[in-house]
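We count residues from 1, following the sequence as given.
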Amino acid sequence: MKKVLTGAAVLLLSSSISALANDSVMEATGDATQWAIQTGDYANTRYSELDQINKDNVGDLQVAWTFSTGVLRGHEGSPLVIGDTMYVHTPFPNTVYALDLNNDGRIIWKYEPKQDPDVIPVMCCDTVNRGLAYADGKIFLHQADTTVVALNADSGAVEWSVVNGDPSKGETNTATVLPVKDKLIVGISGGEFGVQGHVTAYNIETGAQEWRAYSMGPDEQILVDPENTMHLGQPVGTDSGLNTWEGDQWKIGGGTTWGWYSYDPEADLIYYGTGNPSTWNPAQRPGDNRWSMTIMARDPDDGMAKWFYQMTPHDEWDFDGINEMLLTDQEIDGQMRKVLTHFDRNGFGYTLDRLTGELLVAEKFDPQVNWATEVNMDPNSDQYGRPQVVAQYSTEQNGEDVNSTGICPAALGSKDQQPAAYSPKTELFYVPTNHVCMDYEPFRVSYTAGQPYVGATLAMYPAPNSHGGMGNFIAWDGKKGEIKWSLPEQFSVWSGALATAGDIVFYGTLEGYIKAVDAATGEELYKFKTPSGIIGNVMTYEHGGKQYIGILSGVGGWAGIGLAAGLTNPNDGLGAVGGYASLSNYTALGGQLTVFALPN
């Protein structure tokens, strides 16, 4: 049934990497009965070795118990399970509950932050939060107002707190955090307000700031050694974070870091992506706008960069690069490689060597992607690694604004932050996707601290000449860059996937269904409609010898912002309100955890 590392095996694993990773995280994630990190493991695979629930019996799943969060906004992320306790978070005001799994989910403690509600209108796309982290007996919460809090896992008492940003300038938070070694890795939101994005490391025990790496700026701010930080096999050179910006635009350049983080203990590198450049009007910021839209590999000890790869230079479409990096070992062209796989908003699925940053695969994971024909894979070309943009879908020509129609994907991408999963049994990635296109009208905008700095009006709609829906759930071969199977959905699949050793994959839908499909074929094996649309991520754990599946439902996020915030103007929500207007015919606001199990 379950596969769990013994205590001796965990200690051996921990000692073999000589404290490179946080031992408490390694031990917790090495025990499949727990769900100790939002992404399942440091590699972000969202894979569980539990197999009590499998493709032969998953159709018998029943609701085991439920829990209301008391908040009616978008519920992203998932609960954590450490030992006999489940930790549940909410959107703003970011309440945290500790539930006793031995006593019918009794509330052991509750943490209620006191936050200024003025932070709500500064949050771009709903008041979501992607969940808690655990390490060294502490639960970590990064609040909407950027306060990072360490809570005693047993009592809920605040052990330390630190302010990571300034909401009056547009800096907020929606992301989780990642404990690595003795540090907590923390990002920032606010690209639509012209902030200068950064990643910060805080000491896990004290909350003291250890280092901060900006996404763009001078070398000493972006923590780059210009001769030893690589981009596509070449040193980035001096002032790489300045010389593709006009004047001081980099100071309000965006490149925020509100996505997911992964860590390779053997390579001792953290990986993450940076977001869109500010403003959305590309004519106002000539140049490649480095290092927005970039995959970054850094040393967690001092933050120094090892390599970068910029996916969408001079972004013209808001194709944030913050989506998760999945770390696996793959045989590519007859050679085993330690790789990083990333499904970008721009619609390309990338496979890179995670040690060197070498680009191995870049292919479209939605056939409707049309803004670029391909990514140039010729190392001898001056276009190497760059997407080949189709002029018809550009939003800027010769430094002038262009109103463009029929761009695929829309700004929310072929996939937004909703995380994919990977199964080592099938060697496939399972990817929740958006099948959405847009019209894009840029306009000039001036910067004022704390005010929106967008500079574009969008309209979104289903991809034309297709299945008529706005999403697909796909299985992807990362070695070849090919779709193995695809399941059409009426709306975007905004839920994170879960793959298990039971040969099944779970995901949720915006209408509120949790679904289980055969990992090999995609055949639907089970579905159940929860009380509200699902934008949370499916998780699993075992307690008392029984496997459970858990999911947060509560419609919202960018796709559901119309419902979550009561918006009706089609252009509101950066174009999403109109695109997802019919969602209100299928679901309503909610905030609930639903837990499933097989009958006794």
request  = Could you note down all residue pairs passing salt bridge (charged side-chain N to carboxylate O under 4.0 Å, His left out) where residues 495-510 supplies at least one of them, sequence neighbours left out?
outcome  =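 Qualifying pairs, neighbours excluded: K425-D503.
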Ignoring hydrogens and angles, tell me if any N or O in the side chain of [X] forms a donor-acceptor pair with the backbone of [Y] under 3.5 Å.
X    : Y    : result
N276 : D320 : no
N434 : V436 : no
T174 : N129 : no

task = Show your working on side chain to side chain contact (heavy atoms under 4.5 Å, CB included) between Y263 and L178 and close with a plain yes or no.
result = CA-CA 9 Å; Y263 175 58; L178 184 70; 4.2 Å; yes
Under 6.0 Å between the ring centres of [X] and [Y]?
X    : Y    : value
F429 : F365 : no
F506 : Y526 : no
Y111 : Y97  : no
F319 : W371 : yes

query = Is the NZ or CZ atom of K415 positioned over F343's six-membered ring, under 6.0 angstrom from the centre and within 45° of the axis?
reply =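 K415 over F343 ring: no.
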query = Got a sec, which residues hit salt bridge (charged side-chain N to carboxylate O under 4.0 Å, His left out) with D344, two or more places apart in sequence or on another chain?
reply =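 Partners of D344 by the salt bridge (charged side-chain N to carboxylate O under 4.0 Å, His left out) criterion come out as none, since no residue qualifies.
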ask   = Looking just at side-chain N and O atoms, do R298 and Y272 make a donor-acceptor pair shorter than 3.5 Å?
value =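 R298 vs Y272: donor-acceptor pair found between side chains.
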task = Could you tell me whether the side chain of F596 reaches within less than 4.5 Å of the side chain of V58, counting heavy atoms only?
result =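 Side chain of V58 against side chain of F596, heavy atoms only: no contact under 4.5 Å found.
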